[in-house]
2 protein chains.
Amino acid sequence: MEGHRERKKVRTRRALLEAAVRLFSERGYEQTTVAEIAAAADVAPRTFFAYFASKEDVIFLHADDRGQTMLDVIAGRKPGEPLSALLSRMFEALVRSLAEDDELDFALSPLRARLMFAEPALRARGLTLMMEAQPRVAEALCEVYPELDPVSAGAAVGSFMGALAVAGLVAQQQGGSNEDVLTAGRRGIEIAVNGLSSLDGS
Amino acid sequence: MEGHRERKKVRTRRALLEAAVRLFSERGYEQTTVAEIAAAADVAPRTFFAYFASKEDVIFLHADDRGQTMLDVIAGRKPGEPLSALLSRMFEALVRSLAEDDELDFALSPLRARLMFAEPALRARGLTLMMEAQPRVAEALCEVYPELDPVSAGAAVGSFMGALAVAGLVAQQQGGSNEDVLTAGRRGIEIAVNGLSSLDGS
DNA sequence: TGCGAAATTGCAATGTACGTATAAACGCAG
DNA sequence: CTGCGTTTATACGTACATTGCAATTTCGCA
């Protein structure tokens, strides 16, 4: 990890990352071109693609990590731990991994999180990634809960993630802060765990 | 609605639609260019965008209808009908509306459905559209269930749709028939209604 | 210092999407 | 049936993301 070369690479990566998030926040995602990001980071436009596979990748670079976080929590099921408890633990682990996140970043994680919810193109990408991850998560669940059939596991994961996501989305669209979104996510999980019938006592 | 003009427009639209679905099926979505679709329909490339806002729109033209179906079911809440019952009714209405679908199309609905599942780009788009519709559905729920707060409504919709979608997706990925997918969807709803804690009794 | 590997860059090409202006087709009144 | 206004189709041009390829620069190290 030593060497001028490595340090320079890291610096360039950070410069691109910072420039991108700043520009996205200032003028919006669609209104920012890769050329502008490169210019702000003082590299050639072509170089951007040496660091990020696409414009979206600047934001979703760590998406895999969060999937891995979920798989890790599942693999670490405590003896006899019920499904609902495990999933709640999974949510907290996700929040924690989101809060840390930064390896290359610094104070721009909150900005990034806001962008993910606020920009339609990025939101779409995030939801898609989430969806694609769910069958894998369901499969992992099946392994630690042998009595669970695949379809039920999928339903459980989908119900959990869907409640979480849409509750958060609604909170965000109502102008809530990041904290509000988080609280909404917890509320969503609570409802998913207790079941929609728990809302019937209208 | 009479006139040479209108008929020609409809014919061109169908020609583009048919050409697009056929080419997508033959060579794949990404491997087909708008220029090729236009050529196959014997119009200028630019004309394609006079009929469809984007390449994806060829496939997702009726996406709005299904959202409307959901809103209609909600608006028609029977007196005192509990949330969980309404949502179950919504699912059946969705299945029905999916089976009908065609207005401008003809026998290409099955092809279109297959493409939506098979092509990653289109699958992503479909999931995204579903997600984007959910806040509106949640809002509609709030109107007929005044005691429901927006976040809880969002959680309910998300839990419902998520369970449905992922259960179906898992069934589909396991090579299930359309019938199997449908059954899985029903199972997903059941789990969402009863809550994830109902799976705890492992 | 100088060689080889790695990083950076420039250039061209492809493809989606959109704006604009021009030409063609149409419907209708006179 | 002829000319006019409207709608449609088309050609041309632009912006931008993305990729391949080749030239070039920079770096690490002998």
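Scope of the values below: all heavy atoms of this structure, side chains included, with no hydrogens, waters or symmetry mates. Owing to the predicted nature of the structure, the values given are computational and were not obtained by experimental measurement. Below, read A as the first sequence line, B as the second, and so on, with proteins coming before strands; counting in each chain starts at 1.
For the residue pair B:D200/B:S197, the side-chain donor-acceptor check at 3.5 Å is not satisfied.
A:A53 comes within contact range of the sugar-phosphate backbone alone, with a heavy-atom separation under 4.0 Å but no base atom that close. If you check every strand for non-hydrogen atoms under 4.0 Å, A:Y51 touches sugar and phosphate atoms only.
Taking atom CD on B:E30 and atom P on C:dG15, their separation rounds to 12 Å, with Å as the unit. Rounded to an integer number of Å, the gap from B:E56 CD to C:dT16 C1' is 11 Å. The NZ atom of B:K8 sits 7 Å away from the P atom of C:dA25 (whole-angstrom rounding). Put simply, CZ on B:R46 is 14 Å from P on D:dC12, counting in whole angstrom units. Look at CZ on B:R11: it is 14 Å from P on D:dT8, rounded to the nearest Å. In this structure, A:Y29 places its OH atom 12 Å from C1' of D:dC16, rounding to the nearest Å. With rounding to whole Å, B:D42 atom CG is found 8 Å from D:dT10 atom P. Note: CZ (A:F48) to P (D:dG20) measures 16 Å, nearest angstrom.
The line from CD of A:Q173 to CZ of B:R136 is 10.5 Å long, rounded to the nearest 0.5 Å. Separating the CG atom in B:L115 from the CZ atom in B:R112 is a distance of 9.5 Å, to the nearest 0.5 Å.
Annotation for A:R27: atom CZ counts as buried by contact number, over 12 foreign heavy atoms lying within 6.0 Å.
Side-chain atoms of B:R22 never come within 3.5 Å of backbone atoms of B:E26 as a donor-acceptor pair (strictly under, hydrogens ignored).
The side chain of B:K55 sits closest to C:dT16 out of D:dC16, C:dT8, C:dT16. Residue A:T47 has its side chain nearest to C:dT8 when only D:dA9, C:dG10, C:dT8 are considered. Here D:dC16 is the nucleotide among C:dG10, C:dT16, D:dC16 with the atom lying nearest to any side-chain atom of A:T33. Between C:dT16, C:dT8, D:dA11, one nucleotide has an atom nearer to the side chain of B:A44 than all others, and that is D:dA11. Closest to the side chain of B:F49, from the set C:dT8, D:dT18, C:dC18, is C:dC18.
Both A:E36 and A:F52 sit near DNA chain D, but only A:E36 has its closest nucleotide nearer the 5' end.
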